[in-house]
*Asks:* 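My questions will all concern the structure given below.
Note that the structure is predicted; figures quoted are calculated from it, not measured.
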Amino acid sequence: MYRSVSLFKIILLLVFMTIWFQGCSSGEAKEAEVKYYIFPANGTSPEDVKMANFLKDHLQRRSVTNILSNKFGPGVRSVEVHVGADIAADYQVRYTDSGFKLAAASERTMTWLTFQFIKHLEHTTSLELITDDLPPCIFPQKNANVSFPFEYRDIHMPSNQSLDMTEVLCLHNLEIDWGLWGHQMSRVLGISEGEDLLTDYNNMDPEFFARVGGMVYKDQFCFSSERLYDATERFIIDQYGEEPEGKVRLTIGPNDNGIVCQCNQCQLAGNKPGNATPAVVAFVERLATRFPKIDFFIPGYSTTYELPNHFLPLNVGVFLSAIDYPRIIGNVDSPEAKAFYNRLEQWKKVARTVYIWDYICNFDDYLSPYPILLVMQERLQLYREHGVKGIFLNGSGYFYSNLQEAYTFVLSELLLNPDQNVAKLVQSYFRDAMPHQGNFFATIFVGMERHIAEVKRELPLYGGIEEALSTYLSEDDFRRYYDVMQHANTEEMTYREKVIYNKTKQINSFTYMEICRYHGLGPGGFASQVDGKWEPKPDVLNALNELDDITPEEDLVILTGNENAAMDHMDRVNEGGVYIADYENECMLWLEERPWDDDLALGVPVKLRRGDIVEETTRLTDGVTGISKNYHWGWQVVPQKNLVIEIPVETLRCARDFTANFLNFKRHRMSPPLDIQIVVDGKPAGKMTSTVSSDYYDEGEKVTFHGRSVISPLNSLELVITPSATATIAIDEIIIRK
């Protein structure tokens, strides 16, 4: 049976209780002037009966009057409901003299059409309906017979993390619609995602795992392993039985690294270094024969990027990654785009079903604006032309990202029809969600989209504020946007409007902080001079305070439509799961410690020299220290081999104390140098060393190097880096004091 959509109960209770009681009298609802007779097209069809009752239930629940009639007659509108594949489309809407005929090929599509119809009635009649928690209405204004361009449509964002909202938005959901997705083969061995995989793997039979050069690699699988096949077969039977009912999809692929098994069996299958496709395909084809009613997919990515040399079984498809297809408007003739579509067409020659795995976020920064809509519209139109059957849009997942509720709605509509007007969809969303501030938000939103269309620069998948400002983010426009938000009057806003406004203001404060930190002591920077001393600007301190706000959990339900939204999922900054609080705390510590005070090198341009390569920068003397959780936040990343830092000496007479900070971050292959030689006038004059080892630290830590040297008189000063094993270092500030 269909579940009651529980999120609506919560939102109604929190936001619209007053409206409900105002519409009721003496405990009973008023009679509606026009009522609706809702009936199944076929009274013997369980699907028709169920979905007719579903529409009745939700329409009456949202009405402040008695809106249903048990029979057709004067003052009654009829609504016929039908579910079945016989309509030869995904859904149909018919306007009749007496009312409507609603039909859909599946219960899932009819669920979406139900809520669209309810929203339509709220907009086009005098009925008092409570629909504020529903997305805007895209219900057809005339007879329609619609087939969706993609059979599978998924958006990995917080608003699509519950079955309720998945159905309301007419989407699919990886957690609901797949048994295995992405790199989840570990689940076959009973290991859940997020656990310490290597620890658990170490206790398992090495027959499961890859062999290269005689060594077993327990972070990769051997797809010629009979043990692995048996475990996968048992997993499928345990989860779905011998003959699953309904649609079941499974992705079978290697772990996300470059290791490819080179055991005898895998080599016989055709494996070569970097190419695991032959053994993976053979493995999946066995499963496809064993379970002909299950749809299997292999990832077209990394070590399974290469194509098989034969046509795959009809129940085996590919999930092709678009990670190397740059996100930029009008990019279809670029070499990268041509290579991607060429690969797509090649896959179509060997697989009946091709799905695309695309990316719609900056995974290093979920909080800054990211105008992806027009870029994605162009891509969806092209995917449709190339016969792609399914789309997965990889967004911020379970973590909240900037106005993700608006992005999820617009993208969900583009997945249904890529030709819709993006500006109108944006305006529809904000007009509906924010009656008082919606025009302002829509104008900003659309303006950012038009800006990226005009500049035609690539949206970064992994980038900090420097990449944002150099590609898609207009600093002047953002500062005006941020200033208006700081001074907006919230008194007339609806409750839902205040929730969206407050969350957006908070996370935009992160972007504002990073812009100010990027400019250092220059124009637009974090500080200004007061009585000859650098002091943090009031607006910067205010932005830091904004980051301290915690969104109440009941408000997260309004933002995401998900009653299971967890607090720790909604206050993160990036894919790595860094908390806003961690960023805020390190920024607060930086401003409290005031490392720029008495710094003789403050604002002095230094040179980074590597042989004949010389780069001048003030980023190492701008008063901004790095935040340990992300190498984009105040760090300058440079190759450390043969690195020498030249520092002008004019202001450094009698300097004695040297300090520099480096980032230790195993995940990004960054570690501090071994030591730093202080060279004065061409002669060694001391060393800078740290108090910790140079071992990798996986989560990111700041390592401080310190040294002392008497350097007067001097004509030149150099810091010579003694490199560690990694190719690069990340350094934030060089501080020199007396």
Side-chain angles (χ1 to χ4, degrees), residues 368 464-466 468-470 473-487 508-548 583-608 615-627 632-636 645-661 702 704 706 711-712 714 717 719 731-738:
S368 297
I465 199 64
E466 184 174 5
L469 293 174
S470 66
L473 188 60
S474 167
E475 181 176 343
D476 289 342
D477 289 347
F478 178 83
R479 284 182 179 270
R480 284 191 288 268
Y481 168 40
Y482 185 71
D483 184 65
V484 171
M485 290 203 70
Q486 294 304 305
H487 300 93
N508 280 343
S509 294
F510 166 83
T511 306
Y512 181 78
M513 280 291 301
E514 277 301 284
I515 288 175
C516 293
R517 281 167 45 84
Y518 171 72
H519 289 299
L521 299 175
F526 75 93
S528 57
Q529 284 200 319
V530 179
D531 297 330
K533 297 186 68 175
W534 289 101
E535 299 291 343
K537 295 177 180 177
D539 286 349
V540 170
L541 297 176
N542 179 65
L544 200 55
N545 289 332
E546 292 280 0
L547 294 179
D548 195 37
Y583 174 88
E584 178 219 348
N585 290 337
E586 288 199 44
C587 280
M588 186 67 73
L589 185 63
W590 157 60
L591 294 179
E592 288 175 351
E593 290 182 342
R594 301 175 61 91
W596 58 85
D597 283 348
D598 303 320
D599 181 6
L600 299 176
L602 190 67
V604 172
V606 302
K607 292 181 179 179
L608 307 177
E615 175 187 358
E616 186 171 272
T617 181
T618 57
R619 295 290 300 277
L620 304 185
T621 57
D622 62 359
V624 178
T625 59
I627 307 300
H632 293 296
W633 298 340
W635 300 97
Q636 178 136 354
I645 303 174
E646 300 179 12
I647 305 174
V649 298
E650 288 78 8
T651 63
L652 303 182
R653 306 290 178 182
C654 301
R656 296 173 179 269
D657 192 89
F658 293 74
T659 302
N661 296 317
K702 185 182 297 186
T704 300
H706 184 261
I711 58 172
S712 180
L714 76 166
L717 172 62
L719 303 180
I731 180 172
D732 62 353
E733 283 290 284
I734 296 171
I735 300 171
I736 303 176
R737 295 189 174 98
K738 291 183 180 179

*Asks:* Taking the side chain as C-beta and beyond, is there a heavy-atom pair between Thr625 and Lys702 under 4.5 Å?
*Replies:*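 A side-chain contact exists here, since the closest heavy-atom pair is under 4.5 Å.
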*Asks:* Answer whether the closest heavy-atom distance between the side chains of Asp657 and His706 falls below 4.5 Å.
*Replies:* yes
*Asks:* Hey, is the main chain of Ser528 close enough, under 3.5 Å, to the side chain of Lys537 for a donor-acceptor pair?
*Replies:*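 Side chain of Lys537 to backbone of Ser528, a donor-acceptor pair under 3.5 Å: no, none is there.
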*Asks:* Assess the residue pair Lys738 and Arg656 against the criterion (side-chain contact (heavy atoms from CB on, under 4.5 Å)); give the C-alpha distance rounded to whole Å, side-chain angles, the decisive distance to 0.1 Å, and a yes or no.
*Replies:* CA-CA 5 Å; Lys738 291 183 180 179; Arg656 296 173 179 269; 5.8 Å; no
*Asks:* Could you tell me which non-hydrogen atom of Pro605 sits nearest to which non-hydrogen atom of Thr618, and how far apart they are?
*Replies:*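 Result for this residue pair: CA-CG2, 3.8 Å.
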*Asks:* Looking at OH of Tyr512 and CG of Leu547, how far apart are the two atoms once the value is rounded to the nearest 0.5 Å?
*Replies:* 12.5 Å
*Asks:* Got Leu717 and Phe658 here, is their nearest side-chain heavy-atom distance under 4.5 Å?
*Replies:* yes
*Asks:* At their closest point, which heavy atom of Asp598 faces which heavy atom of Arg737, and how far apart are they?
*Replies:*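 So the two residues come closest at O-CG, 3.3 Å.
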*Asks:* Are side-chain heavy atoms of Thr621 and Ile736 found at a separation under 4.5 Å?
*Replies:*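 Of all side-chain heavy-atom pairs linking Ile736 with Thr621, none is under 4.5 Å.
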*Asks:* Give me the ring orientation class for Tyr482 and Phe478: parallel if the planes are under 30° apart, tilted from 30 to 60°, perpendicular past 60°.
*Replies:*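 Parallel, since the angle between the ring planes stays under 30°.
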*Asks:* Heavy atoms, side chains only, cut-off 4.5 Å: are Val624 and Trp590 in contact?
*Replies:* yes
*Asks:* Could you walk me through whether Leu608 and Gln636 satisfy the side-chain contact (heavy atoms from CB on, under 4.5 Å) test, starting with their C-alpha distance in whole Å, then the side-chain angles of each, then the deciding distance to 0.1 Å, before giving a yes or no?
*Replies:* CA-CA 11 Å; Leu608 307 177; Gln636 178 136 354; 3.6 Å; yes
*Asks:* Can you check whether Gly524's main-chain N or O pairs, donor with acceptor, with Arg479's side chain at less than 3.5 Å?
*Replies:* yes
*Asks:* Does some side-chain heavy atom of Thr511 sit less than 4.5 Å from a side-chain heavy atom of Glu514?
*Replies:* no
*Asks:* What distance separates His519 NE2 from Glu475 CD, expressed to the nearest 0.5 Å?
*Replies:* 3.5 Å
*Asks:* Which residue is it: Asn661, Leu719, Ile645? I am looking for the one with a side chain to side chain contact (heavy atoms under 4.5 Å, CB included) to Ile731.
*Replies:*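 Result for side chain to side chain contact (heavy atoms under 4.5 Å, CB included) with Ile731: Ile645.
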*Asks:* Ignoring hydrogens, what is the shortest heavy-atom contact between Trp635 and Asp732? Give both atom names and the distance.
*Replies:*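 Where Trp635 meets Asp732 most closely, the heavy atoms are CE3-N, 3.5 Å.
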*Asks:* Side chains of Pro536 and Glu592: closer than 4.5 Å at any heavy-atom pair?
*Replies:* no
*Asks:* Salt-bridged, Asp483 to Arg480, with N to O below 4.0 Å?
*Replies:*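 No, Asp483 and Arg480 are not salt-bridged.
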*Asks:* Phe526 and Val540: which non-hydrogen atoms are nearest, and at how many Å?
*Replies:* O-CG2, 3.7 Å
*Asks:* Find out whether Lys533 and Arg594 are in side-chain contact, i.e. whether some heavy atom of one side chain is under 4.5 Å from a heavy atom of the other.
*Replies:*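 When only atoms from C-beta onward are counted, Arg594 and Lys533 do touch, with a gap below 4.5 Å.
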*Asks:* What are the two closest non-hydrogen atoms of His632 and Gly464, and how far apart are they?
*Replies:* ND1-N, 3.3 Å
